[in-house]
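Throughout, a chain's letter reflects where its sequence line sits, starting with A, and its residues are numbered from 1. Given the structure is predicted, the values throughout are model-derived calculations rather than measurements.
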4 protein chains.
Amino acid sequence: MRPENESIGQRSFIEEARRRQIIDAAVEVLADAGFGGASLARIADRAGISKGVISYHFAGKDELLRQVVISLYENGAAMMVPRIEAADSALGRVRAYIESNLEFLDTHRRHITAMIEVVFGLRGADDRPAFTAEDGDNASVLPLAELLRAGQDSGELGDFDAWIMAQQIRDSIDGAATRAARDPDLDLSPYADQMLALYLRAVQPPPPGAS
Amino acid sequence: MRPENESIGQRSFIEEARRRQIIDAAVEVLADAGFGGASLARIADRAGISKGVISYHFAGKDELLRQVVISLYENGAAMMVPRIEAADSALGRVRAYIESNLEFLDTHRRHITAMIEVVFGLRGADDRPAFTAEDGDNASVLPLAELLRAGQDSGELGDFDAWIMAQQIRDSIDGAATRAARDPDLDLSPYADQMLALYLRAVQPPPPGAS
Amino acid sequence: MRPENESIGQRSFIEEARRRQIIDAAVEVLADAGFGGASLARIADRAGISKGVISYHFAGKDELLRQVVISLYENGAAMMVPRIEAADSALGRVRAYIESNLEFLDTHRRHITAMIEVVFGLRGADDRPAFTAEDGDNASVLPLAELLRAGQDSGELGDFDAWIMAQQIRDSIDGAATRAARDPDLDLSPYADQMLALYLRAVQPPPPGAS
Amino acid sequence: MRPENESIGQRSFIEEARRRQIIDAAVEVLADAGFGGASLARIADRAGISKGVISYHFAGKDELLRQVVISLYENGAAMMVPRIEAADSALGRVRAYIESNLEFLDTHRRHITAMIEVVFGLRGADDRPAFTAEDGDNASVLPLAELLRAGQDSGELGDFDAWIMAQQIRDSIDGAATRAARDPDLDLSPYADQMLALYLRAVQPPPPGAS
DNA sequence: GATGAATGAGAGTTCATTCAT
DNA sequence: CATGAATGAACTCTCATTCAT
């Protein structure tokens with residue numbers, strides 16, 4: 001039995017490496033075989049280790065799958081946040097959000113695929129989804145909605161429901177993610193261009209002479 | 001074993017009723033327990049029949065699940081097509097497409113939920129998804145893209161990439177569907193209003209005086 | 001999934017036979033290999049069936065093991081009660097209780113062994129024993145204690161704590177059971193004789209001329 | 001690997017302390033979680049040490065569990081023997097045996113519980129119990145039987161089968177032990193009183209004027 | 001002396017499918 | 001047509017043991 005020290009990040013370097021290795025293997029299997037095909041046996045096989053090792057390093061399959069999602073969110077935030085903060089206008093931040101997000105999912109297609117499998121597939125003991133809509137909205141819609149609202153407050157952005165607009169942008173990005181996940185060779189850039197055009201126009205205030 | 005006469009629609013009335021009953025039960029279980037929780041035993045239990053009946057009326061679990069998807073597409077088309085065809089302008093048809101689609105998913109939430117579970121969960125023997133991106137695009141993006149292109153040809157709609165625009169509209173609708181599936185109490189109408197505003201503006205030709 | 005109809009004893013004849021067969025196999029394995037060695041695989045093997053059959057006929061391993069205990073108690077009661085009721089005096093009933101009980105455990109040694117394994121081995125999810133001391137006392141000590149008390153009320157038996165005396169008799173019988181379980185060739189009759197002498201003397205009222 | 005020097009008590013003081021510590025932890029876990037719940041991981045956790053330490057100090061799990069039993073027997077003998085030898089009559093020795101034994105199990109309930117778990121649970125590679133009935137009889141019945149026989153030879157005790165009487169007394173004590181193990185709050189003294197009365201009367205020679 | 005890491009076998013359970021009745 | 005019974009494979013998880021450090 002491994003000492004339960006999750007709360008205090010006291011994991012040794014070597015243990016952290018093993019966990020990374022197992023998470024990576026899980027990502028590959030999830031992307032290849034889907035949620036239903038991602039058995040511990042298969043993940044262990046892909047990682048070149050014995051099945052028991054996974055149980056040793058993770059409390060259970062659920063914890064492993066959750067880490068697949070969490071680690072991806074962390075990576076995404078680490079990449080996107082600096083890009084957004086570097087922008088010097090509300091419109092620039094919206095553009096940075098969309099661009100960096102699309103770029104991230106373009107360069108992490110298999111991780112995205114794996115994450116989608118887990119988010120859609122993982123359920124709790126009560127058969128209810130482990131990742132609820134609220135979870136997802138809080139993690140991905142909320143920051144974007146606040147970004148939009150700040151732009152409205154400063155007068156840089158137009159008049160619209162910021163929460164719904166944020167949902168729309170997220171839906172467009174998630175749609176692109178799903179497409180990218182299903183077709184590894186898909187070129188996202190045309191979609192990205194038109195999407196940027198669509199939303200940058202939608203969030204801007206109407207031009208002075210408009211009716 | 002039952003004679004395989006699916007291609008020539010020679011199913012008796014009573015057999016068709018049994019299939020409907022089973023498909024409906026499958027929808028309920030899929031919506032409640034997800035793809036992973038939808039065992040034949042549970043579906044049979046929900047339908048109030050024995051497990052063997054399902055095997056008798058369907059070639060296997062896969063065929064049953066496919067029918068869940070197919071029957072929903074048929075229902076959707078049957079409801080949407082007349083609405084779209086009743087419109088007398090390209091813009092009206094776009095509006096009818098979006099409105100009728102959102103209305104359909106609002107009134108068929110559990111079916112939609114079930115379908116999403118199958119589309120995301122079902123895989124073939126080769127581990128590849130049973131419903132590919134191409135399948136989905138052909139069924140849902142293609143008609144919409146052609147509708148848009150026809151509007152562009154007649155000069156009623158503006159200049160944009162019709163295929164990508166169709167994908168964007170689909171992504172927004174699918175996003176709404178996912179939200180509706182996850183939150184049964186969600187009111188879709190505000191989302192629908194803003195979505196209509198977004199896309200009707202996007203597909204219209206620029207106003208005469210615009211730069 | 002089998003229909004859950006345990007409460008309304010609506011099990012078919014063939015199902016009841018299978019359950020008996022599985023319980024019997026479980027008894028044999030428990031007697032041979034002990035609680036820890038009684039895996040479902042081994043029980044199924046002994047019964048000449050597949051492992052899944054057990055899961056089909058019993059809700060789980062626990063239910064099977066409980067049935068091993070319950071069926072033995074039922075058999076024991078069915079054999080002992082008529083013998084006890086046939087006696088026409090309190091002393092005769094005490095004698096009948098002890099004699100019939102010892103006789104029962106003599107002729108059901110392997111079942112007794114199996115039951116002891118389950119009672120000592122089976123634990124609940126909370127690690128606490130599934131069969132508590134109270135369970136056992138209620139099932140085996142209580143009827144005997146009441147029998148003794150009735151004899152005291154009618155003046156046929158002497159003055160002693162009926163509950164403790166009942167426990168003592170039970171302990172002696174259980175001790176004999178344990179010995180019989182561990183040594184299949186052990187002759188119980190000398191032990192039975194001396195035990196009868198011990199307790200019949202102990203429960204009788206003191207002779208008239210005693211100090 | 002550690003040199004196997006168990007036969008020649010050449011263990012260092014510190015090693016002996018470690019073994020005691022581990023045995024004590026095993027007793028606690030056995031008493032709490034039973035034989036099946038007493039994994040090495042749990043025992044190590046209770047002792048505050050790593051799992052490997054146990055493997056280092058004991059040849060295997062079996063040896064550790066045997067020590068739990070053996071150490072308890074040693075403790076019991078060390079407490080009971082002086083008490084028995086201090087008595088100056090056969091009847092006094094029988095009384096001292098019963099009283100000191102009941103007292104010992106009253107003050108060592110958790111150890112007793114743990115020992116019972118091991119005696120009932122531990123099996124050898126051949127599936128046969130590690131502690132046979134003969135073992136138990138030799139260790140606990142034999143000395144008592146000899147004590148009784150000596151009393152008969154000296155004319156102090158009555159006429160009965162000493163071996164069976166010794167078994168009966170043991171069964172009563174073991175019954176009390178089992179009750180005490182299962183109910184930590186049970187008051188043993190009423191049981192002890194009546195048990196003493198029962199057996200002291202049973203082993204005494206009949207009074208002169210009895211028929 | 002002691003540790004954490006890894007193994008590999010075996011546990012109970014679930015499930016789609018097959019088949020005799 | 002429909003059923004209940006049975007199979008056998010695959011699943012997650014646990015655990016005693018081994019071993020390099």
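The interatomic distance linking A:Glu63 (CD) with F:dT12 (P) rounds to 15 Å, in whole Å. Note: CD1 (C:Ile43) to C1' (E:dT13) measures 14 Å, nearest angstrom. As a whole-Å value, the separation of D:Asp45 CG from F:dC15 P is 12 Å. One atom, OH of A:Tyr56, and another, C1' of E:dA5, lie 5 Å apart when rounded to the nearest Å. The CG-P distance, from B:Leu64 to E:dT17, rounds to 10 Å in whole Å. C:His57 places its NE2 atom 6 Å from the C1' atom of F:dA5, with the value rounded to the nearest Å. Regarding A:Leu65, its CG atom lies at a distance of 14 Å from the P atom of F:dC11, rounded to whole Å. Atoms CZ (D:Phe58) and P (F:dT18) sit 16 Å apart, rounded to a whole Å.
Judged by distance alone with a 3.5 Å cut-off, no donor-acceptor contact links the side chain of B:Lys51 to the base of F:dT3. Counting distance only, with no hydrogens placed and no angle test, the side-chain atoms of B:Lys61 and the base atoms of E:dT17 include no donor-acceptor pair under 3.5 Å.
Considering only side-chain N and O atoms, C:Ser50 lies nowhere under 4.0 angstrom from the phosphate OP1 or OP2 of F:dG8. OP1 or OP2 of F:dA10 has not a single side-chain nitrogen or oxygen of A:Arg42 nearer than 4.0 Å. Under 4.0 angstrom from either OP1 or OP2 of F:dG4 there lies no side-chain N or O belonging to C:Arg18. An OP1 or OP2 oxygen of F:dA5 is reached within less than 4.0 angstrom by a side-chain nitrogen or oxygen of C:Ser12. Note on A:Ser55: every side-chain N or O is 4.0 Å or more away from OP1 and OP2 of F:dC13.
Side-chain contact check for D:Arg66 versus D:Leu122: some heavy-atom pair is nearer than 4.5 Å. In this structure, A:Val119 and A:Asp135 have side chains that are not in contact, with every pair of non-hydrogen atoms separated by 4.5 Å or more. Within the 4.5 Å cutoff, the side chain of A:Ile116 has heavy atoms near those of the A:Ile112 side chain.
Comparing C:Leu40 and B:Asp62, the nucleotide of DNA chain E nearest to each residue sits closer to the 5' end for C:Leu40. Nearest-nucleotide positions on DNA chain F for C:Gly48 and D:Gly37 put C:Gly48 closer to the 5' end. Of the residues near DNA chain F, A:Gly52 and B:Gly52, the one whose nearest nucleotide (by heavy atom distance) lies more toward the 5' end is B:Gly52.
With D:Arg18 as the partner, the side chain to side chain contact (heavy atoms under 4.5 Å, CB included) test is satisfied by one option alone out of D:Glu16, D:Glu15, D:Gln21, D:Arg20: D:Gln21.
Consecutive Watson-Crick or G-U pairs involving DNA chain E, each under 3.5 Å on both distances, make up stems of three or more pairs at E:2-21 with F:2-21.
D:Glu74 pairs by the salt bridge (Lys or Arg N to Asp or Glu O under 4.0 Å) definition with nothing, not counting sequence neighbours.
Remark: side-chain polar atoms of B:Glu117 are not paired, donor with acceptor, to backbone N or O of B:Ala31 under 3.5 angstrom.
In this structure, D:Arg182 satisfies the cation-pi test against C:Phe120, with its NZ or CZ atom closer than 6.0 Å to the six-membered ring centre and inside 45 degrees of the ring normal.
Nearest to the side chain of C:Ala41, among E:dA5, E:dA11, E:dG1, sits E:dA11. Of the candidates F:dA16, E:dA6, F:dA6, E:dA6 carries the atom nearest the A:Val53 side chain, counting heavy atoms from C-beta on. Looking at the side chain of B:Ser39, the nearest of the listed nucleotides E:dA16, E:dA2, F:dC11 is E:dA16.
If you take CG on A:Leu30 and CD1 on A:Ile23, they are separated by 11.5 Å, rounding to the nearest 0.5 Å.
Across all strands, C:Ile54 comes closer than 4.0 Å to no nucleic acid atom at all (heavy-atom distances).
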